[in-house]
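First up is the structure itself, then whatever we jot down about it.
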Amino acid sequence: EVQLVESGGGLVQAGGSLRLSCAASGFTFDDYAIGWFRRAPGKEREAVTLISSSDSSTYYTDSVKGRFTISSDNAKNTVYLQMNSLKPEDTAVYYCAVALIAPNSNLSIPLYYGMDYWGKGTLVTVSS
C-alpha cells in the first residue's frame, strides 16, 4: 500500500521559512513524478511543484518560483519542500502526491492527467 505522510507544517510570520517533508512508502516504481499541491481556504487545489524521478526535472507554479525549492532524498524515500519568503497567500493545506509516469515523461503529463496517490496534508499558516 502506497503511503505518503507529510510533516513540517505550522504557523509562521510573513517573510519566514518552513520546510515540509513527505515520507513515501509502499511503492517501488522506477518512474514517477512526486511533489506538492495546496488548497487555500475557499480556493481550488493547485499544483505547487513536482520533481521527476527519472531526470530530476522540476515544475513550479509561477507564484512560488524563486521562493520554494523541491528536493528529494531517495535513500530516505523523502521529498522536501523548502519554502522561503512566505506570504500570507501561501496559507493552505499542503498535500504530497505521486503519479506513475512513463520513462522520461514531461511533467505536464501528470499535471494534466492527475496524480495517483495522495497524502492527508499538512497545514501551513502564514500570518501578516
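Position 1 is the first residue of the sequence; numbering continues from there.
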Treating Ile, Leu, Val, Met, Phe, Trp and Tyr as nodes and any side-chain heavy-atom pair under 4.5 angstrom as an edge, say whether [X] and [Y] lie in one connected cluster.
{"X": "L81", "Y": "L50", "value": "no"}
{"X": "I51", "Y": "V48", "value": "yes"}
{"X": "I70", "Y": "M115", "value": "no"}
{"X": "V64", "Y": "V12", "value": "yes"}
{"X": "V2", "Y": "Y32", "value": "yes"}

Compare every heavy atom of [Y] with every heavy atom of [X], then report the nearest pair and how far apart it is.
{"X": "S52", "Y": "L107", "value": "CB-CD2, 4.0 Å"}
{"X": "A99", "Y": "P110", "value": "CB-CB, 3.7 Å"}
{"X": "L100", "Y": "D116", "value": "N-OD2, 2.7 Å"}

*Among pairs that include at least one residue of residues 98-118, which meet ring pair (Phe, Tyr, Trp, His ring centres under 6.0 Å), considering only residues two or more places apart or in two chains?*
F37-W118
*Name all pairs fulfilling the ring pair (Phe, Tyr, Trp, His ring centres under 6.0 Å) condition that reach into residues 59-109, sequence neighbours left out, sorted by first residue then second.*
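Matches after skipping sequence neighbours: none remain.
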*Run the numbers on S53 and F29 for side-chain contact (heavy atoms from CB on, under 4.5 Å), then give the verdict.*
CA-CA 9 Å; S53 68; F29 315 130; over 6 Å; no
*Could E46 and R38 be called an ion pair, given the rule that one side-chain N must be under 4.0 Å from one carboxylate O?*
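Yes, this pair counts.
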*Could you point out which residue of T125, V124, V126 forms a side chain to side chain contact (heavy atoms under 4.5 Å, CB included) with D90?*
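Option passing the side chain to side chain contact (heavy atoms under 4.5 Å, CB included) with D90: V126.
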_Could you tell me if the side chain of P88 sits less than 4.5 Å from the side chain of S128, heavy atoms only?_
yes
*Would you call L18 and L86 a side-chain contact if the rule is heavy atoms closer than 4.5 Å?*
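They are in side-chain contact.
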*asked:* Give me each pair satisfying side-chain hydrogen bond (donor to acceptor under 3.5 Å, both in side chains) with a member in residues 1-26, each pair once, sequence neighbours excluded.
replied: S17-N84
_salt bridge (charged side-chain N to carboxylate O under 4.0 Å, His left out) for K65 and D62? Distances and angles first, verdict last._
CA-CA 5 Å; K65 287 179 179 177; D62 287 345; 3.0 Å; yes
